[in-house]
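Report on the structure given below.
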Amino acid sequence: MITRTVNVKMSKNLSASPAALLVQKASKYDSIIYIESGERKVNAKSIMGMMSITIDEGDELMIKCDGSDENDAMGAMEGFLTGAMA
């Protein structure tokens, strides 16, 4: 398992469309992926989970990935949330 803290660098809050894109990206990986915001921990592959948390520009999130492709999954999640990749 790998864990990383990231600061969100997205110009809009994580609303329906960006949340759906994040879920699609997370679903490409076999690893279990969790996003923690404050005291909330949600499965990054769950659209309902992702829409249940509010993520805004500048927020600090914890990403946890566990599985055979955890390094690739972490890179994708971190890149998406920090604006390094779409």
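The closest donor-acceptor contact from the side chain of E78 to the backbone of G75 lies at 3.5 Å or more, if one exists at all. Looking at K64, its side chain never comes within 3.5 Å of a backbone N or O of I32 through a donor-acceptor pair. Between the side chain of D59 and the backbone N or O of V8, no donor-acceptor pair lies under 3.5 Å.
The two residues P18 and F80 make their nearest non-hydrogen contact at O-CZ, 3.5 Å. What you find for S31 and A73 is that their closest heavy atoms are CB-CB, 4.4 Å. The minimum heavy-atom distance between A19 and M51, with the atom names listed, is CB-CG, 4.2 Å. For the residue pair A44 and I35, the shortest heavy atom distance occurs at CB-CG1, 3.8 Å. R40 and S52 make their closest contact through NH2-OG, 2.8 Å (heavy atoms, listed as atom of the first residue, atom of the second, distance).
Taking CG of D69 as the start and CG of D30 as the end, the distance is 5.0 Å to the nearest 0.5 Å. Note that CG of L81 and CG of L61 are 6.0 Å apart. Values are rounded to the nearest 0.5 Å. Summarising the geometry, atom CG belonging to D72 is positioned 12.0 Å from atom NZ belonging to K28; distances are rounded to the nearest 0.5 Å. With values rounded to the nearest 0.5 angstrom, S37 atom OG is found 11.5 Å from M62 atom CE. For the atom pair OG1 of T82 and CZ of R4, the computed distance is 10.0 Å after rounding to the nearest 0.5 Å.
Seen from the ring of Y34, K41 counts as a face-on cation partner, given the 6.0 Å and 45° thresholds.
Put simply, the residue from I47, I33, N43 that forms a side-chain contact (heavy atoms from CB on, under 4.5 Å) with V23 is I47.
Residues satisfying the side-chain hydrogen bond (donor to acceptor under 3.5 Å, both in side chains) criterion with S27, sequence neighbours excluded, are absent altogether.
No side-chain heavy atom of M77 sits less than 4.5 Å from a side-chain heavy atom of V6. In this structure, M74 and N71 have side chains that are not in contact, with every pair of non-hydrogen atoms separated by 4.5 Å or more.
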